[in-house]
Amino acid sequence: MQMLKFSGLVIWRLGSRSSLRKYSAPGATVFKAHKTEPSTNVTDRNVEGNTLGIKDGPSLVAAAFASLNSPEQDEKKKPSAKSVKQSRAQQLDSQIIRATDVESLLLAAENPVISRKHALKMVSVLSEWSSNNKVKLSDFEKDPRFLKLCRILARTPTGQAMSSLTMAEDLSTVLGITGDDEAARLIANLSLPQMIKVMKALQVKGRRSTPLLRALSYNITKQSEKIDLKKSADLLFSMAALNFPDPVLLDRICSDVVEILPENTDKPAVVNSILVSLGLLKYRHETVLLALTMWIQKYREICRPGDIASAVITLATVNYLPAQLDSLIEEAILLKEDELTKASSWLDLVFSLLILDKAREHHLVSTVKPEFIEKLLSAGEIPIPSRRKLMSIDAYIGLKFPSTTTRLAEDIAVGVPIVYTKEKALYVQSIMDTFRSLVSAETFLRKECQSGMGFLYDAEFVVDSKCHPVSLDKAANRKDVHRIAVLGLDYHDLTRKEFVPLGVNKLYSRLLQLKGYKVLEIPYTEFNPKDKLVTRVKYIENRLKEIISSTTKS
């Protein structure tokens, strides 16, 4: 016990000859650092070095030796080095939250234990204050403490970080000067409005960073705060533009939209934006679709013709038309071409009405007239998707209204490529491989058939009433056989959330039926190329029997 009378300074010197020891805080026990212990950052090392200096040495050593005399049961109550660091971090978090002006916020930047996470929080606050005109950039841009934050965040020179911050009004600044993986880890520290700003910034820049988008989706979904209509519209548009249809986030947004929508009585633009984005995402969330379209139907007097057209286009895209929307559809049918801003918008509306089986003859004929084609050409070359729509409309006119003399000019269909995507080709190939067990000879099966109506169908063959294949040549003039057209439906041919064929695919089936085919649709949700051959063959046989039996009954 006589050793306890030695001064703290003497004990420290003796201790320094042995392996390095760390003292977490007054009252903490002494422990030996392990060789494999990860090193702390520069600021952490500096802080620890200061706490082991001569000034604080006596009190730290005295506390350490005093702990030797403490009862064993008290040792469990002693804070570890990690817990002390956490408490320091928590204190710094509180200091940042309490800051009300630039000086009090940058005072926190003087803390030697500041991390990248804290630096992000402080720059985020400054950015938000600046964008809200609470402070001016000149109030802090040359402050050494702010420059320190930039150096902590940026792996690029401080000047580049500063120029980014000067130009930006949101947190894309921070994300622009950090790696994607690291930025993704920092997302959790942002507020909901800031996360949405980041998502919009990614969309504007066309930067589809999967780690960032996943982090944003996860953290936005976790927020308890309701996502208002404007934020929902921004998020959905960004997700559509970046082709990032995260199902969990989409469900969360739709849930909030349904809840908040009744509060909106005078803003059709945001409702229209949400509807358009849901169509682009091919997201068939029936509850929100019904709520949004019923809203447009209810507030028709403040909606523009384009809002009604957009609603119908989205409904057609996802192949959804509830009976409650009869009034909305009637409004769309009564729209005139000159009420829409562009000729292409009129084409999209007419094509959508055709998908929904609501188009009138005058609608269809109006799109194939030479003067309408001239309007389309006045905006430049007619895009391939628009040409395919015109081909489908013209085919429908020929099949449904054969006496109509106004038809599409032949040159519109010239040079229109109608081919499979790589994924679709692989899926169709697996279907054709299965058909070899049912229809072996080439004379019984025709593949990759050009419909002449703006789309491909995968195969055609003929069977008798007992589902036995019949040669295509022999079946040409027979009335007692069934002509079958095959349409494989892969992931891109079905809506999201509810797995049903897209509206355009249902139109293709209808056109084939008008030409006398029985259509065998094979969705990827029912046909798995990895299943055993016998399983796939049995599936197709059963589907064929269903088609033939339903025809016989009718």
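Since the structure is predicted, the reported quantities are computational estimates derived from the model, not experimental observations.
Side-chain atoms of Thr495 and Arg284 include no donor-acceptor pair closer than 3.5 Å. In summary, the side chains of Tyr218 and Arg214 do not present any donor paired with an acceptor at a separation below 3.5 Å, with no hydrogens or angles considered. Counted by atom type alone, Glu423 and Tyr491 present zero donor-acceptor pairs between their side chains at under 3.5 Å. For the 3.5 Å distance criterion, the side chains of Tyr457 and Tyr517 qualify, holding a donor opposite an acceptor. Between Ser366 and Glu337, the side chains place no donor N or O within less than 3.5 Å of an acceptor N or O (distance only, hydrogens not considered). Between the side chains of Asn264 and Tyr299, no donor N or O sits under 3.5 Å from an acceptor N or O. Looking only at atom types and distance, the side chain of Asn542 has no donor-acceptor partner in the side chain of Glu546 under 3.5 Å away.
The shortest side-chain heavy-atom distance between Ser217 and Phe244 falls under the 4.5 Å cut-off. Inter-residue side-chain proximity for Leu456 and Val428 is flagged as unmet; no heavy-atom pair is nearer than 4.5 Å. No side-chain heavy atom of Asn505 sits under 4.5 Å from any side-chain heavy atom of Leu487. In this structure the side chain of His363 never reaches within 4.5 angstrom of the side chain of Ile393, judged on heavy atoms. In this structure, the side chains of Ile333 and Glu330 come closer than 4.5 Å at one or more pairs of heavy atoms.
Within 6.0 Å of NZ in Lys400 there are 12 or fewer heavy atoms belonging to other residues, nucleotides or ligands. Residue Lys447 qualifies as enclosed at atom NZ: its count of foreign heavy atoms under 6.0 Å is above 12. Shown here is Arg543, whose CZ atom has more than 12 heavy atoms of other residues, nucleotides or ligands within 6.0 Å. Enclosure of atom CZ in Phe237 is not indicated, since only 12 or fewer non-hydrogen atoms of other residues, nucleotides or ligands lie within 6.0 angstrom. The number of heavy-atom neighbours closer than 6.0 Å to CD of Glu371, taken from other residues, nucleotides and ligands shown, is above 12.
Between atom CZ of residue Arg208 and atom OG of residue Ser238 there is a gap of 13.0 Å, rounded to the nearest 0.5 Å. Note that CD1 of Ile522 is 12.5 Å distant from CG of Asp490, once rounded to the nearest 0.5 Å. The CG atom of Asn219 lies 5.0 Å from the NZ atom of Lys222; values are rounded to the nearest 0.5 Å.
Looking only at distances, no side-chain donor or acceptor of Thr404 sits under 3.5 Å from a matching main-chain atom of Thr406.
Exactly one of Leu292, Val318, Ile253 qualifies for a side-chain contact (heavy atoms from CB on, under 4.5 Å) with Leu278. That residue is Leu292. Of the listed residues (Thr293, Leu290, Leu289), just one forms a side-chain contact (heavy atoms from CB on, under 4.5 Å) with Pro322, and that residue is Leu290. Exactly one residue among Ile397, Ile355, Val504, Leu511 makes a side-chain contact (heavy atoms from CB on, under 4.5 Å) with Ser392. That residue is Leu511.
Salt bridge annotation for Asp338-Lys336: absent, with no cationic side-chain nitrogen under 4.0 angstrom from a carboxylate oxygen. A salt bridge between Asp493 and Lys424 is present, with a side-chain N of the basic residue lying under 4.0 Å from a carboxylate O of the acidic one.
Taking the ring centre of Tyr283 as origin, the terminal cationic atom of Arg496 falls outside the region bounded by 6.0 Å and 45° from the ring axis.
Taking the centre of each ring, Phe455 and Tyr508 come in below the 6.0 Å mark.
In terms of heavy-atom proximity, Leu445 sits nearest to Ala459 at CD1-CB, 3.9 Å.
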